[in-house]
Structures are given as C-alpha cells and as structure tokens.
Amino acid sequence: QVQLEESGGGLVQAGGSLRLSCAASGSIISISSMGWYRQVPGKQRELVATITSSGSTNYVDSVKGRFTISRDNAKNTVYLQMNSLKPEDTAVYYCNANARTWGKYLEVWGQGTLVTVSS
C-alpha cells in the first residue's frame, strides 16, 4: 500500500503565500507523476499542477506565474509553492501520485488540506 500525507494548508490573506507538502510512504518502487488538485463545494475537482519524475511540469492557466510545483524524488515528496494567492484559490487541495508497488501500479490520493484565502 501507498499513503500520501499532506501538510501546509491554512488561512492566508490575499497576496500572501503558502507552501504545501505531500510525502508518499509505503511499499514504493517508484513514482511517476505527482500532482496537486483542488476542489470547492459543488464543483468538480480540478488539476492545479503536475510534475513527472524527470521534472516536467504542467499548470492550469489560472495559477501560471503564481504557483510552482517541485519534487524531491529521494524523499518521495512533492511541494506546491503558492504565491500571490487570491480568494478564488480557496479550496481543499489534494495530492495525487501514480506509484509502482510490488506487482501493481496505483493511483493514490491524499486526504486533502484546506487553503483559505481571505480578501
């Protein structure tokens, strides 16, 4: 099994910054892509940013230039640095990883961490 543990959410004023972290643990052989998604009540979960094991990144247009995704492959950890936060960034942020374990591939989700941006 593979587990993801997120941290770093909280309350911040508009224009402020937060850094989310997500560490994967368990019977991991390798992790290909890792990413962050977010969801607000009544809406579908949306992709925020992803990063491959080689460091290629992808962002939703609304966060380009403000958010930066990075990862530490040795620690199986992914980060999301969020700058110039806006009230519309308020959501529950979920970590996602595609992991290879013994005998199978898994898509794993974290429990979510709440980010609230006040105006």
>> Would you compute the distance between atom SG of Cys22 and atom CG of Asn76 and round it to the nearest 0.5 angstrom?
In response: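 Answer for the SG-CG pair, Cys22 versus Asn76, is 10.0 Å.
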> Got a second to check how far Gln111's CD is from Gln3's CD, nearest 0.5 Å?
Replying inline: 11.5 Å
Taking all atoms of both residues into account, what is the closest heavy-atom pair of [X] and [Y], and its distance?
{"X": "Ala14", "Y": "Ser119", "answer": "CB-CA, 4.4 Å"}
{"X": "Ala49", "Y": "Tyr59", "answer": "CB-CD2, 3.5 Å"}
{"X": "Val2", "Y": "Ala99", "answer": "CG2-CB, 4.1 Å"}
{"X": "Leu47", "Y": "Tyr37", "answer": "CA-CD2, 3.4 Å"}
{"X": "Leu4", "Y": "Cys95", "answer": "CD1-O, 3.7 Å"}
{"X": "Asn83", "Y": "Ser17", "answer": "OD1-OG, 2.9 Å"}

> Lys86 and Asp89: salt bridge (charged side-chain N to carboxylate O under 4.0 Å, His left out), yes or no, with the steps?
Replying inline: CA-CA 5 Å; Lys86 304 175 181 180; Asp89 294 319; over 6 Å; no
> Is there a donor-acceptor pair under 3.5 Å between the side chain of Thr90 and the backbone N or O of Val117?
Replying inline: yes
> Are any side-chain N or O atoms of Arg66 and backbone N or O atoms of Ser84, one a donor and one an acceptor, separated by less than 3.5 Å?
Replying inline: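 Yes; at least one donor-acceptor contact below 3.5 Å.
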State, yes or no, whether a side-chain contact exists between [X] and [Y] at a heavy-atom distance under 4.5 Å.
{"X": "Trp109", "Y": "Arg45", "answer": "yes"}
{"X": "Tyr79", "Y": "Asp72", "answer": "yes"}
{"X": "Val78", "Y": "Ile69", "answer": "yes"}
{"X": "Val63", "Y": "Arg38", "answer": "yes"}
{"X": "Ile31", "Y": "Arg71", "answer": "yes"}

>> Would you say CD of Glu107 has more than 12 non-hydrogen atoms from neighbouring residues, nucleotides or ligands within 6.0 angstrom?
In response: yes
> Is the Tyr93 ring parallel, tilted or perpendicular to the Phe67 ring (thresholds 30°, 60°)?
Replying inline: tilted
> How about Asn98 and Ser33: does a side-chain donor come under 3.5 Å of a side-chain acceptor?
Replying inline: yes
